[in-house]
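When a residue number appears, it is its place in the shown sequence, counting from 1. The analysis underlying the following values was restricted to heavy atoms, covering all of them including side chains, and did not include hydrogens, waters or symmetry mates.
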Amino acid sequence: MKTFGYLQIPGLLRASITIILYAFDEVKAVHGGCAYSGEHRLTVPGGLARSAALSQALLDASPLIDLLSTLLGQDYQYWGSEISYCSGATPWHTDSPPQPEWRMSEWCQVFVCCDRVDECTGALRVIPGSHHADDAYANGIVQGILADDGGGWVDT
């Protein structure tokens, strides 16, 4: 976590995943537009904030709370979540806030994939080390992503 800035923990939300998927599908139906056909990445901006059931199922999940408290301490800062159907080429990215002063070691973002993903079908691609605050490398990565007109870093 400290070195790379992320953890992948398959099954962590297994007990609440049915509720999470159902609530996300409701949000998607109201705010997300077309049906998911598996040909692109689909997320609903601000989706978590659009559903009390979705927020509760994710943020009150005791396995997630226990993990974050252990890793980051009791006073960790929840930054946001993304719940997506993923498919195709997911660009390289950093989940760090753009302003260096907003980055801190005790913040977290949760990413939930609603379908199976791997290196061929849309796996999450995080630039290792790009989460560090007050770091020239991380700041350069974030600024490069913000300045890129192509919508993010692409896997070559």
Undergrad: Heavy atoms only: give me the nearest Leu59-Ile65 pair and the separation to one decimal.
TA: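 In terms of heavy atoms, the two residues are closest at O-CD1, 3.4 Å.
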Undergrad: Taking only residues two or more places apart in sequence, or in another chain, which ones meet Ser51 in a side-chain contact (heavy atoms from CB on, under 4.5 Å)?
TA: Ala23, Val27, Ala53, Leu54
Undergrad: Please round to the nearest 0.5 Å and tell me the distance separating atom CZ of Arg14 and atom CD1 of Ile9.
TA: 12.5 Å
Undergrad: Just jot down the side-chain contact (heavy atoms from CB on, under 4.5 Å) partners of Ile19, sequence neighbours excluded, or say none.
TA: Ala57
Undergrad: Treating Ile, Leu, Val, Met, Phe, Trp and Tyr as nodes and any side-chain heavy-atom pair under 4.5 angstrom as an edge, say whether Leu58 and Tyr22 lie in one connected cluster.
TA: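 In one cluster with Leu58: Tyr22, no.
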Undergrad: Got a second to check how far Gln56's CD is from Ile20's CD1, nearest 0.5 Å?
TA: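 Between Gln56 CD and Ile20 CD1, I get 11.0 Å after rounding to 0.5 Å.
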Undergrad: Kindly compute the distance separating CG (Leu67) from CG (Leu12), expressed to the nearest 0.5 Å.
TA: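 Between atom CG of Leu67 and atom CG of Leu12 there are 6.0 Å.
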